[in-house]
Amino acid sequence: MSSILPISMVCELARTLPCAPALLPKLIALLSDPEKANAKEMESLIMRDPGLATSVLRFANSAFFSRTFPCETVGDAVMRIGFRQVYRIAASSIAGRWLINQPQGYGWEPGDLYKHSLCVGVSVEHLAKKTKQVPEELAYTSGLLHDVGKLALAHACADHFESIRSYQEIKQVSWRQAEHTILGYDHTEIGGVLMEEWGYPASLVQVARFYPRPSLATPDQRLLVGHVHAAKHLATLLGYGVGEDGFHTELDEAVLKECGITEELLEELLPSVVKDAEKLIAAGMGTE
């Protein structure tokens, strides 16, 4: 077994994974003020990424937007689809290409991390729509990227997963706690460092760092982190791409209450979450 790497080396190795989602912060900044965002800027940003441009054009010409005349340019596609839908496609496409690079770890089957992240994104977007306490687009992106630290950890520390697994089984602690005991850090710390280094806003950094323990988030971000915490619980219940760590997690009922999220609300959202998640997974967004 190799020696345990310092957290800085784990983050450095994560940079060797292809398609790190570095374009997303620019899209988030552009859409943070929808009144000032314009189609030309959006088109310019999308055109920097051929894969993303292809996804947007494909969706604009899909049966969902059936029109007499096809969209031939990204600018036409942006006008047809609308900023909100373009953003959703962009987040799924960019993050999906990174998340699909799935090393061994967490008992994942091929595509599991992407499916699970997509399901958390859809779940938190539906929660945000219902509670109206956090922006829906930000909620979706938060869910999509909440587990980036796991990908980096599995990529750099796979040799130590058996020790983590054994410790978790013997001590009956959460999987995150077992990671921390064996490695001296866990995937949420890795995720927070990566998001900071990629230039993501503080809101998404805090989601990656605190989603299992939302009470540790700063007061101005606690609602968003709490929503992702609840969405993670819902997505785990649904079972999409859940790894072996999925059923050894922590649930902060006090923060859920603060967010106004109840078990009844989660049950109410189940059918619409399943419908949207299956639609996106079937479309294979971001996997091209």
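Computed from a predicted structure; not experimentally measured.
- Using modelled atom types, one side-chain atom of Gln172 and one backbone atom of Glu169 make a donor-acceptor pair closer than 3.5 Å.
- No side-chain heavy atom of Arg165 sits under 4.5 Å from any side-chain heavy atom of His160.
- The hydrophobic cluster containing Leu234 also contains Tyr240, counting ILVMFWY residues as joined when their side-chain heavy atoms lie under 4.5 angstrom apart, directly or transitively.
- Criterion: ILVMFWY side-chain heavy atoms under 4.5 Å apart, direct or through other members. Under it, Val10 and Trp108 are part of a common hydrophobic cluster.
- For the atom pair SG of Cys119 and CG of Leu144, the computed distance is 11.5 Å after rounding to the nearest 0.5 Å.
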Discussion item. With side chain to side chain contact (heavy atoms under 4.5 Å, CB included) as the criterion, how do Leu265 and Leu127 come out once you've worked through the C-alpha distance, each side chain's angles and the decisive distance to 0.1 Å?
Written reply: CA-CA 8 Å; Leu265 175 58; Leu127 275 172; 3.9 Å; yes

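- A pairwise comparison of heavy atoms in Gly143 and Val228 identifies N-CG2, 4.4 Å as the closest pair.
- Residue-environment remark: NZ (Lys257) stays at or below the threshold of 12 foreign heavy atoms within 6.0 Å.
- The closest side-chain heavy-atom distance from Arg213 to Arg176 is below 4.5 Å.
- Under the 4.5 Å side-chain heavy-atom criterion for ILVMFWY residues, a single connected hydrophobic cluster contains both Tyr185 and Val205.
- Leu237 and Leu118 sit in two unconnected hydrophobic clusters of ILVMFWY residues. Membership requires side-chain heavy atoms under 4.5 Å apart, directly or through other members.
- Using a 4.5 Å heavy-atom threshold, the side chains of Phe210 and Thr188 count as separate.
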### Message
Set out, in order, the CA-CA distance, both residues' side-chain angles and the distance that settles side chain to side chain contact (heavy atoms under 4.5 Å, CB included) for Arg209 and Gln221, then state yes or no.
### Response
CA-CA 12 Å; Arg209 185 166 283 154; Gln221 304 297 344; over 6 Å; no

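- For the 3.5 Å distance criterion, the side chains of Asp252 and His229 fail to qualify, holding no donor opposite an acceptor.
- Tyr211 and Asp147 form a side-chain donor-acceptor contact under 3.5 Å, judged by distance and modelled atom types alone.
- Here SG of Cys11 is found 12.0 Å from CE of Met195. Values are rounded to the nearest 0.5 Å.
- A donor-acceptor pair is defined here as one N or O able to donate and one able to accept, closer than 3.5 Å; such a pair exists between the side chain of Glu189 and the backbone of Asp186.
- In this structure, the side chain of His227 does not engage the main chain of Val124 through any donor-acceptor pair within 3.5 Å.
- Within the 4.5 Å cutoff, the side chain of Val274 has heavy atoms near those of the Leu238 side chain.
- Distance check: Glu125 CD to Ser272 OG gives 10.5 Å after rounding to the nearest 0.5 Å.
- Ser117 places no side-chain N or O within donor-acceptor distance of the main-chain N or O of Tyr114, the cut-off being under 3.5 Å.
- The backbone N or O of Leu223 lies less than 3.5 Å from no partner atom in the side chain of Glu258, so there is not a single donor-acceptor pair.
- A pairwise comparison of heavy atoms in His116 and Ala235 identifies CE1-CB, 4.0 Å as the closest pair.
- Other residues, nucleotides and ligands place no more than 12 heavy atoms under 6.0 Å from the CD atom of Glu253.
- The main-chain N or O of Ser174 is found under 3.5 Å from a side-chain atom of Gln177 such that the two form a donor-acceptor pair.
- The two residues Val255 and Gly226 make their nearest non-hydrogen contact at CG1-CA, 3.8 Å.
- With rounding to the nearest 0.5 angstrom, the CD atom of Gln206 is 10.5 Å from the CG atom of Leu204.
- Here the CG atom belonging to Leu269 is positioned 10.0 Å from the NZ atom belonging to Lys129, to the nearest 0.5 angstrom.
- For Glu179, the side chain to side chain donor-acceptor pair (under 3.5 Å) test picks out Tyr106, Trp175, His187, with sequence neighbours left out.
- Note on Leu216 and Leu224: same hydrophobic cluster, where clusters join Ile, Leu, Val, Met, Phe, Trp and Tyr whose side-chain heavy atoms are under 4.5 Å apart, directly or indirectly.
- The nearest pair of heavy atoms linking Ala178 to Val173 is N-CG2, 4.0 Å.
- Atoms CD1 and NE2, from Ile261 and His233 in turn, are 11.0 Å apart once rounded to the nearest 0.5 Å.
- With His126 contributing its side chain and Ser123 its backbone, the two residues share no donor-acceptor pair below 3.5 Å.
- In this structure, Leu183 and Ile164 have side chains that are in contact, with non-hydrogen atoms separated by less than 4.5 Å.
- Between Lys150 and Asp245, at least one side-chain nitrogen of the basic residue sits less than 4.0 Å from a carboxylate oxygen of the acidic one, meeting the salt-bridge criterion.
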